[in-house]
There are 2 protein chains.
Amino acid sequence: MKKTSDKVFNMKKGLSETCNRFFTVLGNPTRLATLETLLDGPKNVTQIAETLGQEQSMISHNLRPLVECRFVYVERRGKERVYSVNHGTVDPLLKVVENHAVNYCPSGGRCLAREG
Amino acid sequence: MKKTSDKVFNMKKGLSETCNRFFTVLGNPTRLATLETLLDGPKNVTQIAETLGQEQSMISHNLRPLVECRFVYVERRGKERVYSVNHGTVDPLLKVVENHAVNYCPSGGRCLAREG
DNA sequence: TATACATATGACATATCCATCATATGAAGA
DNA sequence: TCTTCATATGATGGATATGTCATATGTATA
């Protein structure tokens, strides 16, 4: 299989790559749950893991792309690392999604199967 | 490996699922390129395929989730199917991404490798 | 320094995603 | 109906992503 990402689409290269990484990082249930947990307030890795009932290692793995793409910030505090949401991006982003869901995803968040 | 999507995260179920599907569909270079092509105006499948230099079958496959999630609309016109962007969602969405990229992705759309 | 706590990293198995090929459906005109 | 054009669908191999386990790094305190 050819790597599609190597192909030159008729799309501004930067925007294309940024969007793809942007959405790919967000398109994962663990990372989305992590994000929403952090919307309640800053937490360290252990607290996130406890809140979600997941392993610390898994949360740590998933935090990396979130931090790299600046969806969340990190701050060292002693031996802890406190993560917090980048509200400047995440808040308006979730607003767009929610608005879309209200208009187009009537059955409890599932996309419509049939076209109209 | 357990299916994480089956687990109950501490997240509103609907929002979690909607977001995941939403971003998963968008996190793909072919679908993003398709979306951007359609931003220039409505096109049928053949035109999209030609514009992107990709096979008709591939475009058709990738259009399906875009339509299902209502990122694009379809309209029958004779034997063609004309696809167009849902500007209500896509425009504000891309604005958020662009704004984020301007602030946090200095090196041509690539996310930063190091945390700050 | 030794220990404990907090977090990150590496390797690996597998589940998921995706482009491709072949084929089917559908619509319009001869 | 037969042919042609436009599009969709199904199957499949293979790349990618992801969770898990084991382990390493790092930080503070005794």
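Lettering of chains follows the sequences in order, A, B, ..., and the numbering in each one begins at 1.
- Residue B:His61 and nucleotide C:dC18 are not classified as a stacked aromatic pair, given the requirement of ring centres less than 5.5 Å apart at an interplanar angle below 30°.
- Between A:Phe22 and B:Phe23, the ring centre distance reaches or exceeds 6.0 Å.
- B:Lys43 NZ to B:Glu80 CD: the interatomic distance, rounded to the nearest 0.5 Å, is 13.0 Å.
- Between B:Thr46 and D:dT7 there is a side-chain N or O to OP1 or OP2 distance below 4.0 Å.
- Put simply, CD on A:Glu68 is 13 Å from C1' on C:dA8, counting in whole angstrom units.
- For the pair A:Lys43 NZ and C:dT7 P, the interatomic distance rounds to 13 Å; values are reported in whole Å.
- Residues A:Arg31 and A:Arg77 both approach DNA chain D. Their nearest nucleotides, taken by heavy-atom distance, put A:Arg31 toward the 5′ side.
- Looking at which nucleotide of DNA chain D each of A:Ser57 and A:Gly27 is closest to, the 5′-most match is held by A:Gly27.
- To the nearest angstrom, C1' of D:dG26 lies 15 Å from CG of A:Asn44.
- Residues B:Leu39 and B:His87 are in side-chain contact: their nearest non-hydrogen atoms beyond the backbone lie under 4.5 Å apart.
- When the side-chain nitrogen and oxygen atoms of B:Arg64 are compared with OP1 and OP2 of D:dA8, none of them lie within a distance under 4.0 Å.
- Look at A:Tyr83 and you'll find a side-chain N or O under 4.0 angstrom from OP1 or OP2 of C:dA8.
- In this entry the distance linking CG of A:Asn20 with C1' of D:dT16 reads 12 Å, nearest Å.
- Nucleotide D:dT4 holds its P atom 19 Å from the CD atom of B:Glu80, rounded to whole Å.
- Of the candidates D:dG19, C:dC5, D:dA8, D:dA8 carries the atom nearest the B:Val45 side chain, counting heavy atoms from C-beta on.
- In this structure, A:Ile48 atom CD1 and C:dA6 atom P are separated by 14 Å, rounded to whole Å.
- When the side-chain nitrogen and oxygen atoms of A:Asn28 are compared with OP1 and OP2 of D:dT18, one or more of them lie within a distance under 4.0 Å.
- Base contact: B:Gln56 has a heavy atom under 4.0 Å from a base atom.
- The distance from atom CG of B:Asn62 to atom C1' of C:dC17 is 11 Å, rounded to the nearest whole Å.
- Look at A:Thr30 and you'll find a side-chain N or O under 4.0 angstrom from OP1 or OP2 of D:dG19.
- With a 4.5 Å cut-off on side-chain heavy atoms, B:Glu36 and B:Leu32 do not count as touching.
- Axis orientation changes by 20° from one end of the helix from C:dT1-D:dA30 to C:dA30-D:dT1 to the other, with each end axis drawn from 5 pairs and the value rounded to 10°.
- Atom OG1 in B:Thr30 sits 11.5 Å away from atom CG in B:Leu35 (nearest 0.5 Å).
- Considering only side-chain N and O atoms, B:Arg76 lies nowhere under 4.0 angstrom from the phosphate OP1 or OP2 of C:dA27.
- Between A:Glu55 atom CD and D:dT23 atom C1' there is a gap of 14 Å when expressed in whole angstrom units.
- For A:Asn28, there are no side-chain hydrogen bond (donor to acceptor under 3.5 Å, both in side chains) partners two or more places apart in sequence or in a different chain.
- Each of B:Phe71 and B:Val82 belongs to its own hydrophobic cluster when Ile, Leu, Val, Met, Phe, Trp and Tyr are linked at side-chain heavy-atom distances under 4.5 angstrom.
- In this structure, the side chains of A:Arg70 and A:Thr89 stay at 4.5 Å or more apart for every pair of heavy atoms.
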